[in-house]
> 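This is the structure I have questions about; it appears just below.
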Amino acid sequence: MNLDFSDDQKMLRDQARRFLDEKSPLKAARKILESDAPYDRALYKEIAELGWLGAAIPESYGGLGLGYLELCVIAEELGRAIAPVPVSSSIYLCAEAILRAGSEAQKQAYLPKLASGEIVGTLALAEKAGVPRPDRLETRLEGGKLTGRKIAVPDAGGADIAVVAARAGSGVSLALVDLKGPGVARESERSVDSTLKVGGLGFSGAKAEALGPSGEGWTLLQTVLTRAAVLYGFEQLGGADAALAMARAYALERYAFGRQIASFQAIKHKLADMYCLIELARSNAYYAAWALSSDAAELPLAAAALRVSASEAFDFASKENIQTHGGMGFTWEADPHLLLRRQVQLRHVIGSPRAWKERLVAELERRNAA
Amino acid sequence: MDFDDTPEEAAFRAEVKAFLAAKAPKYAEPWEGEETTRDDVYLKRARGWQAEKAAAGYAGITWPKEFGGRGGKPMEQVVFGQEEGKYDLPTQPFLIGLGMCMQTLMAHGTPDLIKEHVGPALRGEKIWCQLFSEPIAGSDLAGIKTRSERKGDEWIVNGQKVWNSGAHYADWGILVTRSDPSVPKHKGLTFFIVDMKSPGLEPRPIKQISGGAHFNEVYFTDVRIPDRQRLGAPGEGWKVALTTLMNERLAVTSFRDVSVDVPHLLRLARSIDLETGPAIENAAVREKIADFYVRSQGLKFTNYRTLTALSRGETPGPQSSIGKVVSAPKTQQIATLGMDLADMAGGLLDGDLAPLRAAFSQTFLSAPGTRIAGGTDEILRNIIAERVLGLPGDIRVDKDVPYKELPTGR
């Protein structure tokens, strides 16, 4: 029985934590929150130089080829630091889609640049509020030209390329688009977490190449989202852990009624509940990490369970962290809202936990029928 | 990451499987004339199985050899437990004795007492129970009032204990008493082992809301206990009791009533009709199934993380402390949902009419006990807050007050 990371992986996690403690304290996220900059470019460059972006990208495509377990421990630390960098959009989504669906030429063309941080990628799916479905997509890919409009695209402002889900003929295809080319309009959107900015992408005949076989886009997309759910889950886990640590520190330093508020059961039990949800999420996360790194048949179920578990943990911890802080927690000046914002972004970016619960039960049924 | 045994674990597992295949079947089915876990035939079967384990060296796997144990690793205990759990064996009567009482005796007993009692307990000859809680004190165990007074070489005990699983068939018990009410509550306690056949000692079954009677109240009327059966010094009983309580969390004495989890819920949801078709197609039901599933899986893999540490010979992290505080309310909630799905038939206990032979309504009636026994939800949250998160303990208004001056509310 070995449901734990190796010593080397733990060492990588500790290094990542120390690095981000120093280079990306919460005030780095706050700086991006209060500016129009799409992300922290200097930090992203350093992260790229450390090799984190290419941790799970094979060496033949310019990565380190370490593996997904390594990427998972890095993701947990990025989440803990709420680092204002587009690692998730560029690596969990875009690079992953190219790795799963791309031709050899596409992999050679894009993966080394994504791994080195030279370019940033993203993935565009949503077109309106509500759950996307193949028959609801209005963006079209015809004759190498993309037409349509996507919303709530993560890092739309900072990305150089995007993988776009579009209708092609009677099916769905994935299209790879250069966002700097003609026929692409970027629209800024206001969202809860502007430390990871989202935006709209308008396509009016933008040049696009198909990624993967035509008509198989939807299936490929589900694979990518499932794999990304594991990595996002680790970010959510790290963020939830950070919220608990912040609430704990404040409860120990804040006095009321002549004593530390951490000595009141109302606070102790709240923090104990946070701890329980976080440990459940951590255990679901380790299992999902195993499934991701070993391409196990259990991956769809494990990823959905983690998505639900980690979303719940981060939601509860980020809200109750503010509650523990009292009025000060509601101010712009105090830090708890930074975690609340990131929690919202991570909760919705690849579909809300409500939708993932549906996937989870569908998968349980599928396995029962099989 | 993998879920495989180490080569040593695999070898031990093979050994255990062979032993179980040869010896377990005889004990894994009720014997003729056996009706409930309160009767003699059941106990005979249970004692027989424990004796088989002891003879083969599988009782007390982690105990030191000098005490009759195997001197094995915690992971070997886990492996044995996993394999033993595949048979429906009558291990319940020994959980408290071997998991808690003997641990306490080995830590605090005189060499003579250890020699006298550990062997018979290990071989299933003597069954033990715990005599701790009282009507006046449960979560606040140090608040007990059962009185012990020294008379020469003996102590005279008067009072009442409660929630004593197995006290009606146990041969021996571990007992906390108040020997000095004039000092603050933690300082006036004295700890004994007591022969359950002592004159003046009377167990009475307590009927639970589920209708079963797994535990008892035990009355003490001038019960005489020889001083040699004392563990620890007079007035130092709290320290001894803490050893028992620490082991209680490992022993996990749960009620063996019917229990329901996600697989039961899935079976039910497929078989039962709501307004527009099978419950499994209802979005609200599906969402709840997912919620319960991630909790169950989270607990399962939390356990795997603990096993990983044991397998590596490391001390497990504090994550296992979430077990009961997550699982007990979850079980109660699943039972409630299952009954809701049955709609007007939800309250039925009749196995022929209620779904899954009334598993949900049966569990519903046992679930409140699980949230209380072995540490209430609230006490467990305090433990996580204080021992895991390092938050301060409660301010205790009774800390420096003589026991006899404490308000009791009655």
Side-chain angles (χ1 to χ4, degrees), chain A residues 1-6 9 69 244 247-248 251-252 258-260 262-265 267-291 293-294 301-302 304-310 312-313 353-354 356-362 364-365 368, chain B residues 1-6 9 75 78 262-263 266-267 269-270 280 283 285-291 293-312 314 317-322 325-326 377-378 380-386 388-395:
Chain A
M1 174 64 64
N2 178 17
L3 188 60
D4 195 6
F5 291 99
S6 69
Q9 288 153 357
L69 294 178
L244 172 57
R248 177 182 178 275
L252 286 169
R259 56 201 263 206
Q260 289 165 295
S263 68
F264 290 105
Q265 286 192 344
I267 299 293
K268 288 162 79 171
H269 289 191
K270 188 194 290 300
L271 268 54
D273 287 341
M274 281 190 208
Y275 177 79
C276 289
L277 287 175
I278 289 169
E279 287 306 308
L280 289 172
R282 181 171 296 284
S283 298
N284 279 311
Y286 285 20
Y287 181 64
W290 164 78
S293 67
S294 57
L301 197 50
L306 170 58
R307 180 83 183 141
V308 173
S309 188
E312 183 184 9
R354 193 212 55 77
W356 283 86
K357 286 178 192 178
E358 176 49 40
R359 282 169 178 250
L360 191 162
V361 177
L364 278 176
E365 283 185 285
N368 180 62
Chain B
M1 289 187 180
D2 63 65
F3 302 101
D4 306 330
D5 284 339
T6 63
E9 287 161 12
M75 201 56 201
V78 169
V262 174
L266 280 168
R267 266 167 64 200
R270 286 189 201 107
I280 189 69
V285 173
R286 292 169 79 84
E287 198 167 345
K288 287 194 168 170
I289 288 173
D291 285 334
Y293 180 81
V294 304
R295 275 177 174 60
S296 288
Q297 292 290 97
L299 287 172
K300 176 176 163 185
F301 298 123
T302 298
N303 188 34
Y304 280 20
R305 288 166 57 204
T306 299
L307 296 183
T308 300
L310 289 177
S311 179
R312 291 174 177 176
E314 297 165 1
Q319 71 274 359
S320 56
S321 60
I322 72 169
V325 76
V326 173
D377 287 1
E378 292 74 19
L380 295 178
R381 282 189 174 84
N382 281 350
I383 289 174
I384 290 172
E386 293 171 22
V388 180
L389 300 178
L391 305 183
D394 260 358
I395 290 174

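Proteins get letters first, then strands, A, B, ... in listed order; numbering begins at 1 in each.
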> Could you check which of B:Ile384, B:Val326, B:Asn303, B:Asn382 has the highest count of heavy-atom pairs closer than 4.5 Å to chain A?
B:Asn382

> How many angstroms lie between atom CD1 of A:Ile278 and atom OG of A:Ser283, to the nearest 0.5 angstrom?
12.0 Å

> Chain A heavy atoms under 4.5 Å from B:Arg270: which part of the residue, side chain, backbone, both or neither?
side chain

> Is A:Leu306 close to chain B through its backbone or its side chain, or both, or neither, when contacts mean heavy atoms under 4.5 Å?
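Neither the backbone nor the side chain of A:Leu306 comes within 4.5 Å of chain B.
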
> Under 4.5 Å from any heavy atom of chain A, what part of B:Phe3 do you find: side chain, backbone, both or neither?
both

> Is B:Glu287 salt-bridged to A:Arg354, cutoff N-O under 4.0 Å?
no

> CZ of A:Arg307 to CG of A:Leu360: how many Å apart, nearest 0.5 Å?
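One gets 12.5 Å once the value is rounded to the nearest 0.5 Å.
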
> Can you see whether A:Gln9 engages A:Ser6 through a side-chain donor-acceptor pair at a distance of less than 3.5 angstrom?
yes

> For B:Glu378, is it the side chain, the backbone, both, or neither that has a heavy atom closer than 4.5 Å to a heavy atom of chain A?
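For B:Glu378, backbone and side chain are both near chain A.
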
> Identify which part of A:Glu312 has an atom lying under 4.5 Å from any heavy atom of chain B, answering side chain, backbone, both or neither.
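Only the side chain of A:Glu312 comes within 4.5 Å of chain B.
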
> Which residues pass the side chain to side chain donor-acceptor pair (under 3.5 Å) test with B:Glu386, sequence neighbours left out?
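Residues passing side chain to side chain donor-acceptor pair (under 3.5 Å) with B:Glu386: A:Lys268.
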
> With a 4.5 angstrom heavy-atom cut-off, which part of A:Arg259 approaches chain B: side chain, backbone, both or neither?
side chain

> Tell me, for A:Glu279 versus chain B, whether the close heavy atoms (under 4.5 Å) come from the side chain, the backbone, both or neither.
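Both the backbone and the side chain of A:Glu279 come within 4.5 Å of chain B.
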
> Rounded to the nearest 0.5 Å, what separates atom OG in A:Ser294 from atom CG in B:Asp2?
10.0 Å

> How far does OG of A:Ser309 sit from CG of A:Leu280, to the nearest 0.5 angstrom?
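Between atom OG of A:Ser309 and atom CG of A:Leu280 there are 5.5 Å.
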
> Do the side chains of B:Arg305 and A:Asp4 get close enough for a salt bridge, i.e. N-O under 4.0 angstrom?
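Salt bridge flag = no for A:Asp4 with B:Arg305.
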
> Does any backbone or side-chain atom of A:Leu271 lie under 4.5 Å from a heavy atom of chain B? Answer side chain, backbone, both or neither.
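For A:Leu271, heavy atoms of backbone and side chain both lie under 4.5 Å from chain B.
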
> For B:Asp4, is it the side chain, the backbone, both, or neither that has a heavy atom closer than 4.5 Å to a heavy atom of chain A?
backbone

> Tell me, please, which residues at least two apart from B:Lys288 pass salt bridge (Lys or Arg N to Asp or Glu O under 4.0 Å).
none

> Do you know which of B:Thr6, B:Leu307, B:Val325, B:Asp291 has the most heavy-atom pairs with chain A at a distance under 4.5 angstrom?
B:Asp291

> So what's closer than 4.5 Å to chain B heavy atoms on A:Phe5: side chain, backbone, both or neither?
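Contact with chain B: backbone and side chain both.
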
> Taking every non-hydrogen pair under 4.5 Å, which of B:Ile280, B:Leu266, B:Leu310, B:Asp377 racks up the most with chain A?
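Sorted descending by pairs with chain A, the first entry is B:Ile280.
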
> Does the pair B:Tyr304 and A:Tyr286 meet the rule for a ring pair (Phe, Tyr, Trp, His ring centres under 6.0 Å), with working shown?
CA-CA 10 Å; B:Tyr304 280 20; A:Tyr286 285 20; over 10 Å; no

> Side chain, backbone, both or neither: which part of B:Val78 has a heavy atom under 4.5 Å from chain A?
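Neither part.
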
> Given a strict heavy-atom distance threshold of 4.5 Å, which part of B:Ile395 is in contact with chain A: side chain, backbone, both, or neither?
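When you check distances to chain A, atoms from both the backbone and side chain of B:Ile395 fall under 4.5 Å.
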
> Using non-hydrogen atoms and a 4.5 Å limit, figure out which bit of A:Ala362 sits close to chain B: side chain, backbone, both or neither.
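Contact with chain B involves both backbone and side-chain atoms of A:Ala362.
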
> Can you say whether B:Ser311 sits under 4.5 Å from chain A via the side chain, the backbone, both, or neither, judging by heavy atoms?
side chain

